[in-house]
Each structure stands twice: as structure tokens, then as C-alpha cells.
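Below is one structure; the comments refer to it alone.
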Amino acid sequence: QAGQAYFDKIIADDSRIEPADWMPEGYRKTLTRQISQHAHSEIIGMQPEANFITRAPSLKRKAILMAKVQDEAGHGLYLYSAAETLGTPREELFDQLLTGKAKYSSIFNYPALTWADMGAIGWLVDGAAIVNQVPLCRASYGPYGRAMVRVCKEESFHQRQGFEILLELANGTEAQKQMAQDAINRFYAPALMMFGPNDDESPNSQQSMRWNIKRFSNDELRQRFVGMIQEQVKVLGLTLPDDQIRFNEETGKWEYGELDWNEFYEVLKGRGPCNAQRMERRREAHENGAWVREAASAYAAKQSQKAQVA
Amino acid sequence: QAGQAYFDKIIADDSRIEPADWMPEGYRKTLTRQISQHAHSEIIGMQPEANFITRAPSLKRKAILMAKVQDEAGHGLYLYSAAETLGTPREELFDQLLTGKAKYSSIFNYPALTWADMGAIGWLVDGAAIVNQVPLCRASYGPYGRAMVRVCKEESFHQRQGFEILLELANGTEAQKQMAQDAINRFYAPALMMFGPNDDESPNSQQSMRWNIKRFSNDELRQRFVGMIQEQVKVLGLTLPDDQIRFNEETGKWEYGELDWNEFYEVLKGRGPCNAQRMERRREAHENGAWVREAASAYAAKQSQKAQVA
Amino acid sequence: SEDVAEYALRLGDDALILAQRLSWWISRAPEIEEDIALGNVALDLLGHARSFLTYAGSAWGKSEDDLAYWRQESEFRSCFLVEQPNGDFGKTIARQLVFSIYQHELYSRLVDSADETLAAIAAKSLKEVDYHRDHAIQWTLRLGDGTEESHRRMQEGLNSVWPYVHELFVDDELIERLPGVAVRPSELRAPFDALLAQVLGEATLEVPDVQPAMTGNRGTRHSEHLGYLLAEMQVVAREHPGATW
Amino acid sequence: SEDVAEYALRLGDDALILAQRLSWWISRAPEIEEDIALGNVALDLLGHARSFLTYAGSAWGKSEDDLAYWRQESEFRSCFLVEQPNGDFGKTIARQLVFSIYQHELYSRLVDSADETLAAIAAKSLKEVDYHRDHAIQWTLRLGDGTEESHRRMQEGLNSVWPYVHELFVDDELIERLPGVAVRPSELRAPFDALLAQVLGEATLEVPDVQPAMTGNRGTRHSEHLGYLLAEMQVVAREHPGATW
């Protein structure tokens with residue numbers, strides 16, 4: 001096939017596939033799943049932070065947080081658009097989320113319990129997202145790579161804001177400092193698990209790497225992340241809840257204590273603290289908004305009819 | 001007519017009319033209106049106090065307040081029952097409330113803004129209600145008089161609780177004391193207006209007095225109330241917001257500064273701070289509960305059908 | 001002892017938070033009779049809470065109000081179930097059904113506790129919970145076997161609270177340290193399941209096929225809802241430190 | 001001066017309370033585009049609030065956060081309209097329509113204030129309010145002339161907020177003391193009514209026939225809703241007196 005040959009050449013040249021190009025069904029399916037999962041994660045990921053918008057303890061922080069959660073909605077929109085270029089309409093993708101057929105990042109199934117969580121989410125969760133996503137800016141599928149460029153730029157801004165929240169707390173009162181440490185303790189392991197299972201448990205990674213979607217293995221990215229936050233936490237004067245983190249001079253890699261993968265799989269299967277709550281909220285918003293969306297369509301139809309008559 | 005003669009004799013003897021007795025249409029209508037208005041007032045009157053149940057500053061006060069608001073629901077029920085004995089079903093009376101055809105006491109169109117208002121409402125509003133209602137225990141219509149006996153007993157309990165709230169605040173911190181004084185300042189005049197317009201503005205009172213429903217004129221009751229609270233406020237070490245209150249030795253009556261009857265009529269016409277809110281809340285509760293009431297009827301119908309078949 | 005106090009705190013906090021939730025219904029119920037009925041349940045639970053918190057506080061020199069108004073979110077010991085928002089009347093009844101069956105099984109055993117105070121509070125409260133359970137069961141039957149809409153809403157309510165049922169029956173170290181004093185939550189599961197299945201069956205409803213949530217296990221972690229509830233509950237008291245009411 | 005500060009406080013409080021209300025929609029809007037749009041409006045209003053409160057606070061040596069987080073309910077100067085609960089999307093849009101038309105008329109005149117700071121804040125904010133007003137008008141048209149249900153809900157939303165419209169246009173002593181500095185609210189009523197009638201006409205909706213409420217008139221009395229809003233808004237800050245964030 002000419003299509004396959006062209007596709008193979010683009011991949012071999014590390015160049016870009018565009019929506020009109022022929023592509024293998026598996027490639028299309030893998031990307032649709034990955035991009036839409038990422039979009040869903042942005043949308044569900046609004047909830048834990050929205051939980052502190054009305055309670056942010058200063059007006060400046062309230063403004064920054066509102067803008068951040070709004071950015072996540074924006075990321076959701078670009079990513080749904082990128083996924084749509086692969087042929088599945090947003091309504092269908094959204095429906096997969098609402099019916100539980102599609103997944104989103106498990107990290108958002110943990111509750112945001114204190115203001116410090118706004119810091120930990122920014123620093124650790126957005127931080128892990130960036131480490132994951134920077135290589136995706138070079139993903140072989142054009143619209144995805146370009147969406148990632150835009151997303152990463154904003155995420156790194158968010159990460160800095162999260163770090164600043166923690167820094168302020170770490171230099172604050174004893175209660176603030178404790179709040180910051182507690183938030184780090186709770187978000188550390190879930191953030192590390194954002195990179196996915198250990199490499200030997202992650203069979204699909206190989207194919208994604210051959211297609212130039214994924215560039216590094218889960219464990220490589222995780223190690224890079226641990227190294228990064230291990231340095232940064234010193235600036236905060238706080239600690240990571242793992243006393244086995246060290247740089248192995250021989251392998252040139254960061255090492256860390258074993259993660260509780262059992263918990264990871266529990267949350268993945270829907271048994272996290274907030275899985276049910278997150279889905280219920282999203283479904284509720286969708287259902288409560290149905291009459292509004294219907295009104296907008298009805299109005300648009302009337303307007304276009306009027307325009308035709310005139 | 002024999003009915004009219006019997007009715008007149010009962011009234012002349014200051015004895016009691018019972019539901020099965022003949023009565024003039026005007027008597028029936030007047031009583032239905034008065035009793036149902038009173039019932040509506042109990043139901044709407046739950047709202048200002050319910051507004052502080054979730055925020056009561058001690059568990060003991062929370063329990064007392066919950067029980068009080070519950071009692072008001074209970075009073076509403078007895079009074080609807082009393083009104084029903086005159087031939088109008090509760091649904092119809094309730095409908096008159098929801099559609100705005102029936103009135104309720106204007107006092108409940110003022111907001112409850114602070115915890116001290118729970119005290120002022122108990123002391124002044126329930127206090128005025130008692131002064132109004134004690135003579136109604138002897139009302140010529142039997143079911144009404146008996147309902148009033150029960151209501152008055154509980155109301156005087158509520159009034160004492162309100163007074164205790166204020167007493168505690170008056171002996172508390174400076175902020176608590178101010179809160180108590182502010183609440184009294186806001187509820188004093190509306191409470192005085194609960195007795196209705198001045199006698200020369202109240203043409204229906206005469207007929208009600210002839211029927212032994214009403215026993216004292218609006219102004220007589222109001223004067224009695226002012227005298228009562230003027231004594232009690234001294235115990236609190238607080239003041240009433242009227243420097244013209246004095247006992248006139250010549251007339252043997254309490255005198256007080258002129259009331260802003262313009263405000264009274266504004267609120268009566270629907271322009272109080274909370275008229276719209278109170279009605280909206282009641283309608284919302286009623287509408288949100290429709291499916292529950294329907295389910296209860298459907299279930300009851302199924303059960304009685306099953307019982308018949310068996 | 002500290003452990004008994006901690007245990008009393010759990011019992012008290014569950015009752016307190018649920019009372020706070022239910023009290024919202026007063027003036028908003030589907031009919032006036034229900035304003036009264038839900039108010040009664042709330043008032044009873046508040047009474048239990050006051051007894052348990054007073055007892056817990058006696059170990060630390062704190063009053064019921066110190067514990068209710070001046071603890072932070074992470075110091076509460078309530079379970080996720082009672083923290084759940086009221087939702088519609090169906091969800092509230094679903095939460096009542098689950099909680100009152102659980103609490104009835106719990107108090108029925110707590111009356112035999114080696115701790116006399118706990119036993120006495122349970123004995124006094126059990127009669128009330130008997131009424132709560134009956135109230136919830138009657139409404140479950142009416143809603144489940146009422147109209148199509150009420151059936152749907154009642155089932156949705158059950159599904160919505162179901163993730164938080166599991167936590168009620170988890171044993172932990174505190175329970176292990178209090179043999180004869182605390183009731184083992186895991187022992188309550190079988191009778192709970194049996195009665196629930198019977199009620200739901202009669203109500204033409206299904207036992208939810210919904211995953212349990214990984215909850216706080218009576219620790220310092222709560223659902224995201226508790227913070228809002230406490231902000232409201234504590235606001236007046238906290239504006240006036242040191243005041244009495 | 002004290003009077004100018006008091007005036008700035010009114011402007012700031014209206015913007016702050018409405019921003020707080022609107023921000024609830026972020027993550028709950030009918031479509032993602034609206035999460036963003038309502039978020040933008042909220043963010044703009046929060047910006048106005050910060051400018052006005054900072055200016056007001058400069059007269060009393062207080063920061064924007066001192067004013068937002070450490071005042072009591074009776075010290076706020078917001079109007080009843082912005083304190084109203086969100087209700088459904090129709091009610092939120094109704095409130096937005098009324099408030100943004102009012103605010104647009106207000107800021108359009110405030111740009112000529114003799115007080116340079118107020119004029120500058122108004123000038124900067126006016127462009128944003130232009131967008132808010134357009135957003136509200138577009139949705140009013142869609143909902144009013146959309147489906148039967150949306151028409152009904154939008155009309156109910158308008159009826160529900162209408163009692164609190166009157167207060168926006170009441171002159172009082174403070175306004176009298178600030179000629180050339182403050183905008184006279186009563187002057188805004190005619191242009192407000194004209195534009196509103198035009199929009200509602202086009203949207204097939206009716207100007208509500210609903211009584212005005214006797215409101216707080218910018219005094220110390222608020223609707224019963226404000227206390228709950230402040231309890232939530234201030235809770236974290238107040239748990240940490242003296243902290244910076």
C-alpha cells in the first residue's frame with residue numbers, strides 16, 4: 001500500500017502525520033484514546049482545584065487559581081479538537097467519559113483537602129504532567145504535538161504558581177508549614193504513579209514508541225521527575241515522604257522506594273476516594289446544562305432559518 | 001331561622017360554636033381567613049429561624065432552635081386542621097398561600113441576620129403573638145380556641161427561650177451585647193405592628209369583636225405588649241429603640257412613639273426585604289416535593305388495592 | 001481512656017454531622033409532616049452527638065462545644081457517608097436507610113459494652129434509632145414502589161451513597177484495642193446486608209452494583225464536602241472566641 | 001477622603017460578591033465554553049474588586065485582603081442583587097443581564113469622575129463590562145427565544161432577581177456628598193430600562209411585573225444569603241490569623 005509506505009517513511013524520518021494522511025487503524029485508535037483521555041483529565045482535573053476557588057485565602061491567589069482552572073478547560077477544548085481531527089466527534093468522546101467507558105488520570109480521584117493542596121497539585125501534578133508531555137510536543141501526530149506545545153507552556157506556568165504557593169506556606173506560620181508538608185505527603189506517590197505502571201507492566205508502550213508517540217519509557221520519565229522534585233523540595237525546606245530517594249552514580253538514575261501499586265490499581269478500577277464524586281459532578285453538570293444546550297441549538301436553527309428567508 | 005337564633009344565643013352566652021353547628025357565612029369566612037393566615041404564618045415563620053439552625057453557636061442552642069422550628073410546623077398543622085373543620089381542605093388553603101392570595105404575618109418578611117435575632121424573634125415576635133393569642137383561647141369557635149390553648153402553651157416556652165438567648169448575649173462580650181441591642185432595634189417596631197393597624201384604621205375588628213373572636217382592640221393589645229417588654233428589657237440591661245415609651249397614669253395606658261405605618265403597608269403589599277424570598281423558598285420546597293407526595297399517594301393506592309384483593 | 005474517648009468521638013461525630021445535614025430539611029421538606037419527622041431524626045442524632053462528645057471531651061477537659069466548634073476538619077472522625085450532601089429527598093432517604101440500619105445494629109450491641117457510659121448512651125438512643133430506621137424503611141418502600149420517577153430517584157440515591165457504605169464496616173487498630181468496649185464494625189455487615197436486601201426487595205429496588213470508595217477510614221482524611229459543612233456550622237461560634245451562648 | 005473610600009467600597013464589594021457567586025460555575029457550566037466564559041467574567045470582576053478595595057483600603061491603612069477577609073457581614077456594602085444565589089443557568093444569566101447593563105451605564109459615567117483613581121479603574125474595566133453585557137445579552141436571546149423550557153426558565157430567572165433591581169438605582173446621602181466624584185444611581189435607570197426593554201423584547205421575554213424589595217440600601221443590612229457566602233469565602237483565611245499567602 002502507498003499509504004502504509006508513506007506513513008512508515010514519515011515515522012522513519014521522525015516527521016509528522018497530518019489529519020488528511022493515511023494512517024494505520026491502530027495508530028488512529030491509540031491516539032484517539034490517548035488524546036481524549038488527556039482531554040478528559042483536564043476536564044475532571046478542574047474539580048479538585050475548583051474546590052478551593054471560593055475559599056482561596058487571598059484575592060490574588062483566588063484570581064490565579066480561577067485563571068488556572070479556566071486554562072484547564074481551555075486545554076480540554078484544544079485536546080478534544082485534536083482528537084476530533086482523528087474522526088471522532090467531541091460529543092462521542094464526552095459520552096465515553098460520562099458513561100465510564102473512557103478513563104482519565106487517576107490523580108484526580110484524590111481529594112483536595114486543604115489550601116496547600118493547591119500548591120501540591122500545581123507543583124507535583126502539573127510537574128509530572130510536564131515531564132510526561134514535553135516529549136509529546138514531538139509526537140508524530142501533528143495536531144497532538146502542536147496542542148502539547150501550547151499546553152506545556154501554560155502548565156509550566158501553573159507549576160511555578162503551585163511551587164510559589166508551597167514556598168509561601170513553607171515560610172509561613174507553623175500551621176501553614178505543616179499544611180504544606182501534609183499536602184506533599186499525600187500527593188507524592190499518586191504523582192509518581194501518573195507516569196503509569198513500571199515498564200515491565202506496560203506492554204503498549206513499545207508500540208507507542210515505535211510510532212514516535214511516546215519517546216521515553218514510564219520509568220525513565222518517573223526517574224527524571226523524582227530527580228527534579230528532590231532538588232526542588234530542598235528550596236522549600238520540606239521533605240518528600242520517601243527516605244530511599246538517591247542518585248545512583250553507577251546507573252546515572254534516580255532511585256526511590258517502592259510504590260503501592262495495589263492502590264494505583266484500586267483507584268484505576270474506580271475505587272479511589274473521589275471517583276464516584278468526580279463522575280457524579282460531571283454528569284450532573286452535563287444533565288443540568290442539557291436545556292441550555294438545547295436552547296442554544298434551537299435559537300441557532302431559528303436564526304439560520306431567518307437568514308435564509310431574508 | 002333556627003340556626004341564626006341558636007348561633008346568636010351561643011355568642012350571647014359567650015359559649016362555643018362547633019363545626020357541625022350552623023353559622024353565618026361571614027363568620028365562617030372570617031374565621032377561615034384568620035385561622036389559615038395564622039397557619040401560613042407558622043409555616044413561613046419557620047424560615048427566618050431555620051436560617052440559623054445550621055449556624056447556631058452551641059449544640060444546646062442548636063437543639064432548642066431545631067425543636068422550636070419544628071413546633072412551628074406542628075402549630076401550622078393544628079391550625080390547618082382547625083381551618084379544615086370550617087370546610088376548606090388544607091390543599092386549597094396551601095394553594096392560596098403559594099399563589100399569594102392568602103397573607104401571612106408581615107414580621108416574617110424581615111431577615112434574620114445574626115444569632116441575636118433568634119433571641120429577638122423569640123422574645124418580641126413570640127411575645128407579641130402570645131399577647132395576641134391568649135384572648136383567642138376563648139374565641140367563640142371551638143376548634144380554634146382549643147388549638148390556641150395548645151399553641152400558646154408552647155409559644156410562652158419559646159418566648160422564654162428567646163429571652164434567655166438575649167440575656168446570655170447581654171451578659172456576654174461587648175460584641176455579643178451589641179448584637180443583642182441591634183436585633184432588638186430591628187425587631188421592635190415590626191413586632192409592635194404585628195397587632196395590626198391602629199384601631200381607627202381597622203374596620204373589621206368591630207365585627208370580630210361582636211362575634212367573640214377578637215376580645216381586645218389592636219391598640220389595647222399593643223399597649224399591653226409595650227408595657228410588658230418595657231419591664232423585661234430592664235432585666236436585659238438593654239433598651240428599646242423608642243424614647244417616648246411611658247406609662248400614662250391618667251389613662252392607665254402605655255404610650256409610645258409613632259410607628260412608621262408606611263413601612264408596614266409597604267411590607268404588607270409585598271415589598272418587604274424578604275417577601276419574594278420567603279414565597280420562592282416555600283414554592284420551591286412544594287415543587288421539589290411534588291414527586292415525593294405523588295409517590296406516597298401511588299404507593300398508598302397500591303397498598304389499599306392489595307388489601308382489597310387479599 | 002484515650003482510646004475510649006477516641007471511639008466516642010467517632011460515634012459522636014457521625015451523629016453530629018448527619019444531624020447537621022438533616023437539619024437543612026427543616027422548612028424545605030416535601031410536606032409539613034416531613035419537616036417534623038426529619039427534624040425529629042436530626043434532633044435525636046444531635047442528642048446522641050452531645051452525649052458522646054461530652055463523654056469524649058471528659059477525657060481531655062473539653063466540652064461538647066469545644067469539640068464541635070473548635071476542632072479543625074482533620075480532627076473530625078466522621079465517615080464519608082454522613083458528610084455526603086443531601087441531594088434530593090431520595091438521596092437523603094437512601095443515606096438514612098443505610099445509616100439507620102447500620103446504627104441500629106451498632107447500638108444494639110453497644111448496649112452490652114463493658115464501658116458503662118457508652119452502654120447507657122446506646123441504650124437511651126436505641127429506641128430513637130428504631131424510629132429512624134422505620135421512617136427510612138417506610139419511605140424507601142413508598143419511593144421504590146411508588147411512581148416510575150420516585151423509583152428512579154430512589155435507586156439513584158442508593159447508587160450515589162453506596163461507595164461510602166463499605167467504610168462503616170471496616171475494623172481498625174482502635175477497635176482491636178477496645179475488645180468488649182467497642183463494637184466490631186465487620187460483625188455488623190451480615191445483618192446489615194440481610195435487612196437491606198429484604199427492604200430493597202420489597203421496595204422493588206436493587207442493591208447497588210457500585211464500587212466502594214477508598215475512604216478516610218476514620219482517619220484525618222475526609223470527603224471534600226466536610227470543609228464546607230464545618231465552615232457554616234462553626235462560623236458564628238468562631239467569630240466570638242471565648243463567648244458563651 | 002472617607003466618603004470616596006466608602007464609595008469605592010460599594011463598587012468593590014458588588015464586584016467581589018458577584019465574582020464569588022460566578023466562580024462557583026467553573027467546572028459546573030452547561031458546556032466547557034461556558035466554564036471559560038463565566039470564569040472570565042468572574043475573573044474580570046475580581047480584578048475590579050481588587051482595584052476598588054485596594055483604593056478604599058488606602059484611606060484606612062488596610063489591604064484588599066484585610067477588607068475581603070476580615071470584615072464582618074454588616075461591614076460589607078454589597079447590594080442584594082449580587083448576593084442572590086446562582087439558581088439555575090437562567091437565573092444566573094438574568095442576574096448577569098441586569099447587573100452588567102447597570103454596571104456598564106455606571107462605569108461609562110465613572111470614567112469622567114473628578115476622582116482620578118476611580119476614573120482610571122472604570123476606564124480599564126469598562127471594556128471588560130462591555131463583554132460581560134454582550135455575553136449576558138446573547139444568552140438572554142438564546143434562552144428567551146430558544147425552547148419553551150428555556151423561555152420559561154429565563155423568565156422565572158428574571159422574575160426571581162427583579163425585586164433587587166430597584167436598589168441599584170437609589171441615591172443616598174453618600175452620593176449627595178460626592179458630586180462630580182460619584183455617579184448618581186438614579187440617572188442610570190432610564191438608559192437601563194431602555195436597553196433592557198429592547199433586549200427582552202427581542203428575546204420574546206417580558207419585563208417582570210414583580211414588586212421591588214425593601215433592601216439594605218447599601219447600609220449594614222444584607223440579604224440572608226450573604227452570611228453563608230462570607231462563611232465560605234473567609235474560612236481558610238480566618239483559620240490562620242496573621243498569615244500571608
Side-chain angles (χ1 to χ4, degrees), chain A residues 39 42-67 69-74 76-77 80 90 94 114-115 165 168-169 171-173 175-176 179 281-282 284-286 288-303, chain D residues 16 19-21 23-40 42-43 46-47 49-50 53-54 63-65 67-69 88-90 93 138-139 141-151 153-154 229 232-245:
Chain A
E42 295 283 357
I43 299 306
I44 298 292
M46 295 168 71
Q47 291 184 35
E49 289 169 294
N51 192 33
F52 273 90
I53 289 179
T54 57
R55 295 182 288 177
S58 82
L59 296 184
K60 182 179 125 193
R61 292 289 168 202
K62 188 191 284 278
I64 293 172
L65 185 60
M66 271 166 59
V69 180
Q70 236 191 345
D71 282 348
E72 286 159 5
L77 286 182
Y80 283 123
R90 176 168 138 191
F94 219 69
T114 69
W115 171 252
I165 288 176
E168 192 80 48
L169 296 176
N171 291 313
T173 65
Q176 285 180 303
M179 200 200 288
R281 162 94 83 90
R282 185 89 298 269
E284 224 172 74
H286 193 74
N288 290 344
W291 69 273
V292 177
R293 295 189 302 274
E294 281 159 23
S297 311
Y299 179 78
K302 283 186 201 175
Q303 292 302 304
Chain D
L16 176 62
Q20 178 76 1
R21 282 285 184 223
S23 70
W24 178 89
W25 281 102
I26 301 172
S27 76
R28 291 181 176 92
E31 49 192 28
I32 302 172
E33 286 81 352
E34 271 313 298
D35 284 296
I36 297 176
L38 289 172
N40 267 330
L43 206 46
L46 182 58
R50 295 179 64 192
L53 292 183
T54 298
S63 71
E64 59 180 41
D65 286 338
L67 292 175
Y69 293 96
D88 67 4
F89 187 73
I93 291 298
Q138 291 309 317
W139 272 113
L141 296 176
R142 285 189 205 111
L143 298 182
D145 195 19
T147 65
E148 222 170 282
E149 184 182 7
S150 72
H151 179 88
R153 285 178 182 254
M154 185 66 210
L229 182 147
E232 184 174 320
M233 186 173 93
Q234 298 177 332
V235 64
V236 177
R238 291 191 170 206
E239 270 179 20
H240 300 271
T244 57
W245 304 93

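Below, chains carry the letters A, B, ... as their sequence lines are ordered, and counting in each starts from 1.
- Between the side chains of D:Ser27 and A:Gln47, no donor N or O sits under 3.5 Å from an acceptor N or O.
- Using modelled atom types, one finds a donor on one side chain and an acceptor on the other under 3.5 Å when comparing D:Glu232 with A:Thr54.
- Contacts between D:Ala68 and chain A at a heavy-atom distance below 4.5 Å involve the side chain alone, from C-beta outward.
- For D:Leu46, the part lying near chain A is the side chain, with the backbone staying farther off; criterion is any non-hydrogen pair under 4.5 Å.
- Considering all non-hydrogen atoms of both residues, A:Ala63 and D:Arg50 come closest at CB-NH1, 4.0 Å.
- For a residue to count as touching a neighbouring chain, one of its non-hydrogen atoms must lie under 4.5 Å from one of that chain's; by this rule A:Ile43 touches chain D with the side chain only.
- Looking only at heavy-atom pairs under 4.5 Å with chain D, the residue among A:Gln303, A:His286, A:Met66, A:Arg61 that has the most is A:Met66.
- Side-chain contact check for D:Ile26 versus D:Leu38: every heavy-atom pair is 4.5 Å or farther apart.
- In this structure, chain A has no heavy atom under 4.5 Å from any part of D:Trp25.
- Residue contact with chain A, scored on non-hydrogen atoms closer than 4.5 Å, is absent for D:Ile93.
- Interface remark: D:Tyr69 contributes side-chain atoms only to the contact with chain A (heavy atom separation under 4.5 Å).
- For A:Leu169, the part lying under 4.5 angstrom from a heavy atom of chain D is the side chain only.
- Counting only residues at least two apart or on different chains, the salt bridge (charged side-chain N to carboxylate O under 4.0 Å, His left out) pairs with a member in residues 46-57 of chain A are A:Glu49-A:Lys68.
- With a threshold of 4.5 angstrom between heavy atoms, D:Ala42 approaches chain A through its backbone and through its side chain.
- The salt bridge (Lys or Arg N to Asp or Glu O under 4.0 Å) check on D:Arg153 picks up D:Asp88, D:Glu149, with sequence neighbours excluded.
- Side chains of D:Leu16 and D:Gln20 form no contact here, defined as non-hydrogen atoms less than 4.5 Å apart.
- Contacts between D:Leu141 and chain A at a heavy-atom distance below 4.5 Å involve backbone atoms as well as side-chain atoms.
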